Amino acid sequence: MNTAIELKNIKKAYGDKVILEGFCLSVARGEFVTIIGSSGCGKTTVLKMINGLIKPTSGDVFVDGENIRSKNIIQLRRNIGYAIQGSVLFPHMTVGQNISYVPNLLNKRDRARTRSAVSKWMGIVGLDEELKDRYPSELSGGQQQRVGIARALAASPDILLMDEPFGAVDEITRSQLQTELRQIYEKTGITVLFVTHDISEALKLGTKVLVMDQGIIQQYARPDELMRKPATDFVKQLVQL
Amino acid sequence: MLQNIWSIFLDRKEFFLDLLWEHLGISLLAILIAILFGGIVGILISEFQRTAKPALGVINFLYTIPSISMLGFLIPFSGIGNATAVIALTIYALLPMVRNTHTGMTNVDPAIIEAAAGMGSTRLQILWKIKLPLAMPVILSGIRNMVTMTIALAGIASFIGAGGLGVAIYRGITTNNTAMTMAGSALIALLALVMDLLLGFVEKRMGMRSIKAKKENRMLAIAALALCVCIAISTMFALGGGDTIRIATKPMTEQYILGEMLDILIEGDTDLNVELTQGVGGGTSNIQPAMESGEFDLYPEYTGTGWNMVLKKDGLYTEDLFASMQQEYQDSLHMQWAGMYGFNNTYGLVVRNEIAQKYHIQTYSDLQKISKELVFGAEYDFFEREDGYDALCKTYGLSFKKTMDMDIGLKYQAISQDKIDVMVIFTTDGQLSVSDVTVLQDDKNFYPSYLCGNVIRSEILEEHPELMDIFHRLTDTISDEDMAQMNYAVESQDKEPREVAESFLKDANLIK
C-alpha cells in the first residue's frame, strides 16, 4: 500500500459556515508533508480528520487504504502519533509517565518494553535520562516540546500528525528541534503531516508542501517546485516573504 | 463560664466522650456515603452534560429544606434515631460533594482532554487517568467543606432521638444547664476543627509528587479508610449483651429523672440492659409512633395525654376513665399502663406578678378582661392538643394579643425576660417556686388529670415479667411536692438528673 493517507471529497461545515468543500488529498507512504496557510484556512481541521477527532460532514478518509469509518477509532489513534502546539503534556504525570502513555494503552503488562522505548526515544530527542522523573512544570519550553515529540513517537507509529509543535519556543531552540525532527524522519521513514504557519519552516522540513487558503488547496508540490513555479498569486506572495 | 464548661466536662468525662464517639460515627457514616454516592453522581453528570442541570437543581432544592423539617419528614420512613439522622446528613452533604466534583471535572483543560483522546484513550481511560486526577484539588476542597458542615449539622440529630453531642446540647437547653449546652457545642466545634486540620494534611500530602510520597500516601489512605469504616459501623450496631429494654423520655427535666430511675432499677435488679434515649424532640408525637413500630419499649406518660392525644378522645379526662383507657390501650395498641408514680403533673396557668397585681387577676376567668393585651406562651404540644389552647380560649372566652410557641425548656426564661405575660406551666415545675409569677385558679375546672405512669409494650411485659415487680415498687412513691423538689434540684441547683434520681430512690428505700 503506497498511499498512507487519502482524503476523498471532504466537506466540513459548521451550520452555515463551510470550512472545506470537495477537498482531496493523497499522501504517499514516507512523505513529510507540511501544511501551510493563514489562520482559519482549515489546516488543523484536515489534520484532525485523519485521527477522527473531527468527523467530515461528507466524504471519506482512508488510512492505509481502509476507510476510517469502518475502523476501531481507538486502535487507529494508538497507532498514529499526535503532537500539538504547546505540547500539552499531562501536568500530573512525570516525563517518563507522559512518554509511556500510549505504550501503556497498548500493552500495560510489558513494563520492560515500555521502559526501553522511553529510554530510546528520550535519547533520540536529546533529553537527559535523569529528567525522566521530573514533572512538566519543571522543564523549559524546549524540553517540554521534546517530551511532546517523544510522547508522540513512543509507540513507534507509522504516521505522525503534528500541529504547530514548535510554535511556543524561541528561534534557536526551534531551529534545533526542526533539525532533530528531520533526522528522526530520515532514520525511521515515518509518514509525517506537519501543520505550520511559518513558510520557511514548511519549506525547510517538507518533502512536499500543501498550501491552503480558506479551505481551498492552492498548491501541493515539492518545495523547490513551489518556489520556482508558484501556482497562484497566493502562493507567489507566500514564498516571496 | 469557661470555668463551668471545663468543670462539667471533667465531671462527666465519660458521658461526653461517649457522645463524641457517637457523633463522630454518625457523621463519618454520612460523610462516607456522601463521598461515594455524591462522587459517582458528580462524575456521571459531568460526563453526560445534559443531566447536569436537572440533577444539580434537585440537589439544590433538597439543600434548601430546613434540616428540622427534613428530619421530621423522614421519621415516618426511617423511624427515630441514628438511621434517620444519617440519611438526613447524607442528603445535605450531597450538594457540596456533587457540585465540587462536577466543577472539578468540567474545568479540566479541554486541550489536555483532546490530546488524550487523540492519542487513543477510551472515554473511561480519560476519566480515570486524566480527568479525575486533575479534578482532585477541587473535589478535595469540596470534601473539606462538606465534612465541617456535616459535623456541625449532626448536632441537630439528637432532636429526633439520635445520638451524638447534640444530646448534651439539647439536654442543657431543657434542664436550664447552660454549661452543658456550651460544653456540647464546644466539643462539636473542636471535632470539626480537628477533622478540617486532618483534611488539610491530606490535601498537602496529595500535592506531594515524589514516588516515595505516593507509595506512603496509598498506605495511609487505606489505613484511614479502614479506620473510618470501623468507627462508622461501630456506631450503628451498638453491641449490648443480653436483652435490652429501650426506654424513651420526653425532653423535660422530670422525665429525665424518671428515665434515670428506671435505668437504675432495671439494670440493678434484673438481668436486662437498658438503652435510654433521653429527650426525644416532639414528645408524645414522636415517641408514640416509635412505640407502635417497636423502636421503643417503655416511656413515662401522663394519663390525660394518653386519653386526649394518643387515643384521640374528646372531652375532659378524669381518673374514673382510667380503666377504660387501660382496656383500650391493651386492645388497640397492645400496650399498657404500669407503675403509676402518684404525682399529678397537670397544666396550670401563671401570669407575671406585676400584671396579676395591677389587674387583680386570680382566676382563669379574670384573664378575660385583659387577654387582648397579653402575650401567651406555651410549648408546641399545647397548641395541638384537644384540651390545649383552642379549648382553653373557648371555655374562658380568651383572646390573646399574640401567641408564642417554644420549647418547654425555654419558657421560664421567656417569662422572666418579660417576653411573654401568660404562660402554661406544669404543677410539678421546679422553677415555679422561684419565678416571679402567680399561679391562677382553674375556676371552671378545665384541666384534666395527668397522673404520671409508665406505658410499656405488652409484648415486652410478657417476655419479662420481672419488670412488673419494679413497677409495683414504684407505684405511689412520688408526690407532687417530691417531683417539684427533684425538678428544682436539677434545674436550679445544677444537680444531675441521675444524682437526684439515685438519692430519691435511696431515701425511699427502693435501692440500697
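Since we're looking at a predicted model, the values are computed, not measured. Letters A, B, ... mirror the listed sequences (proteins, then strands); counts begin at 1.
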Item to check | Donor on one side chain, acceptor on other, E31(A) and T191(A), under 3.5 Å | outcome: no

Checklist outcome for this item: Output for pair (T196(A) OG1, I35(A) CD1), nearest 0.5 Å, gives 10.5 Å

Checklist outcome for this item: side-chain hydrogen bond (donor to acceptor under 3.5 Å, both in side chains) pairs touching residues 132-150 of chain B, sequence neighbours excluded, are R144(B)-D196(B), R144(B)-E203(B)

Next on the checklist: Once you measure the plane-to-plane angle for F32(A) and Y185(A), does it fall in the parallel (<30°), tilted (30-60°) or perpendicular (>60°) bin?
Outcome noted: perpendicular

Checklist entry - Which members of residues 36-68 of chain B, sorted by number, sit under 4.5 angstrom from chain A on a heavy-atom basis? => result none

Checklist entry - Non-hydrogen atoms of chain B under 4.5 Å away: do they reach the side chain of I74(A), the backbone, both or neither? => result both

Checklist entry - So which part of P91(A) gets closer than 4.5 Å to some heavy atom of chain B, the side chain, the backbone, both or neither? => result both

Checklist outcome for this item: Contacts of D110(A) meeting side-chain contact (heavy atoms from CB on, under 4.5 Å) (sequence neighbours excluded), chain-then-number -> N107(A), A112(A), R113(A)

Item to check | Face-on cation placement of R69(A) at F62(A) ring, 6.0 Å and 45° thresholds | outcome: no

Exercise answer: donor-acceptor pairs, residues 75-84 of chain A side-chain atoms, under 3.5 Å, sequence neighbours excluded:
{"unit_1": "R77(A)", "atom_1": "NE", "unit_2": "N51(A)", "atom_2": "O", "d": "2.9"}
{"unit_1": "R77(A)", "atom_1": "NH1", "unit_2": "A117(B)", "atom_2": "O", "d": "3.4"}
{"unit_1": "R77(A)", "atom_1": "NH2", "unit_2": "G52(A)", "atom_2": "O", "d": "3.2"}
{"unit_1": "R78(A)", "atom_1": "NE", "unit_2": "G120(B)", "atom_2": "O", "d": "2.7"}
{"unit_1": "R78(A)", "atom_1": "NH1", "unit_2": "L105(A)", "atom_2": "O", "d": "3.2"}
{"unit_1": "R78(A)", "atom_1": "NH2", "unit_2": "G120(B)", "atom_2": "O", "d": "3.2"}
{"unit_1": "R78(A)", "atom_1": "NH2", "unit_2": "Q125(B)", "atom_2": "OE1", "d": "3.0"}
{"unit_1": "N79(A)", "atom_1": "ND2", "unit_2": "Q75(A)", "atom_2": "O", "d": "3.3"}

